Amino acid sequence: MSQLAVKPRSSTSRLQTHVARLEQEHPPLDVASVDFTVRRPRKVIERYGRVLDYMARTELEVERNVRELDVLMPDPPELDQYFYRHVWGPQELQHGLILDRLQAELGLPLSAPNVSTIPLKLRVLGGIAHVAAVQDVVRMLYYLTGMTTERSAVLAYQHLHEGLVAMGEDAIADTAVAPIRRQEPGHYAYYQMSARQLWARLSPWQQWLTRRLRSISFAPVGANSSQELRQVGDMMLAFDIRERAEIDEFARTVARSETELLWAQEAGLGAPSYVADAFARCLELARTQPPLHEPCFHGRVALLDAEDA
């Protein structure tokens with residue numbers, strides 16, 4: 001049973017019920033439950049090697065993300081803290097361990113997540129978040145980031161699942177990717193409900209500050225350097241997101257709830273420009289910047305080619 005006390009009625013109790021349901025119905029996945037059989041490892045590495053590296057790293061960095069949230073929100077609502085420490089965190093960590101194990105089974109290097117270094121800008125923001133009104137803005141940014149992150153994850157796992165099934169890799173598609181994908185929408189729903197509830201309580205200046213900070217700080221999940229942004233671009237290429245119209249559509253899907261909340265006054269806005277421009281930048285880097293771990297991926301493919309000869 002969940003340790004979370006659920007009180008009847010009120011928007012807070014609906015969130016509590018949601019978190020309790022996530023905890024009870026979607027426990028962290030067991031690596032031992034996954035069938036890591038891969039029929040054509042060379043093809044999987046060629047198409048999804050860098051994608052797996054990026055996705056495993058970002059999932060494993062949940063350990064650092066939890067520390068960041070503790071810094072950013074010195075006095076968070078009890079439910080938020082319970083959610084990210086006891087529900088979201090453990091689930092995401094297992095996602096990362098499963099994807100990292102898949103990389104090992106393919107003979108690829110394990111991920112190198114940053115699990116300890118908290119950026120100075122987050123420490124500074126956390127320092128001023130002791131002011132209650134500012135912490136509400138920080139909380140809003142947390143929910144917005146959570147929404148776009150989880151929507152991106154749902155789309156990424158959907159693309160990955162469809163691609164693996166098309167390649168005949170049903171074992172890992174159905175026992176690894178599909179179970180991971182099923183857990184992501186529940187996280188998104190938590191952020192969405194929380195964001196709607198908090199946004200309605202923010203004063204006009206808090207809403208203005210939220211829009212301003214969001215527009216200058218947005219970045220795809222796990223992308224804090226040019227090489228990490230390039231990994232996002234690699235993922236987009238693997239999923240055949242290449243043209244500006246496709247980028248814009250991806251951005252619209254990722255940021256739909258954010259657009260509805262923050263930019264409702266701008267009728268007809270497809271997606272905030274900062275979201276689409278960020279993904280376009282990732283794609284540009286993927287096409288122009290040398291990739292991470294290129295020798296490792298190519299070396300493994302060459303070895304498999306030699307074994308097939």
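All residue numbers refer to positions in the sequence shown, counting from 1. Quick caveat, the model's predicted, so the values are computed rather than measured.
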Any sub-3.5 Å donor-acceptor pair from [X]'s side-chain atoms to [Y]'s backbone N or O?
X: D100; Y: S111; value: yes
X: Q81; Y: P76; value: no
X: E169; Y: R40; value: yes
X: D174; Y: A176; value: no
X: H187; Y: V87; value: no
X: R50; Y: M235; value: no
X: R211; Y: L262; value: yes
X: T145; Y: Y142; value: no
X: R67; Y: V115; value: yes

Handout entry: Heavy-atom pair of closest approach, residues A223 and L229
Key = CB-CD2, 3.5 Å
Handout entry: Distance-minimising heavy-atom pair for P272 and A255
Key = CD-CB, 4.2 Å
Residue pair [X] / [Y], side-chain donor-acceptor N/O under 3.5 Å:
X: S257; Y: Y188; answer: yes
X: Q91; Y: H26; answer: no
X: Q158; Y: E162; answer: yes

Problem - Partner of H86 by ring-ring contact (aromatic ring centres under 6.0 Å, His included), out of W88, Y82, F83 - result: Y82
Do NZ/NE/NH1/NH2 and the carboxylate oxygens of [X] and [Y] come within less than 4.0 Å?
X: E249; Y: R252; value: yes
X: R214; Y: E258; value: yes
X: E184; Y: R181; value: no

Exercise for the section: Return yes when atom CZ of R242 has more than 12 non-hydrogen atoms of other residues, nucleotides or ligands closer than 6.0 Å, and no otherwise. Expected result: yes
Practice task
Assess whether salt bridge (charged side-chain N to carboxylate O under 4.0 Å, His left out) is satisfied between R256 and E260, documenting all intermediate values.
Solution key: CA-CA 6 Å; R256 181 172 293 123; E260 293 171 354; 5.3 Å; no
Handout entry: Parallel, tilted or perpendicular, as decided by the 30° and 60° cut-offs, for the rings of Y143 and Y190
Key = perpendicular
Pairwise distance [atom1]([X]) to [atom2]([Y]) - rounded to 0.5 angstrom:
X: I98; Y: F36; atom1: CD1; atom2: CZ; value: 6.0 Å
X: Q135; Y: H130; atom1: CD; atom2: NE2; value: 8.0 Å
X: T253; Y: D248; atom1: OG1; atom2: CG; value: 10.5 Å

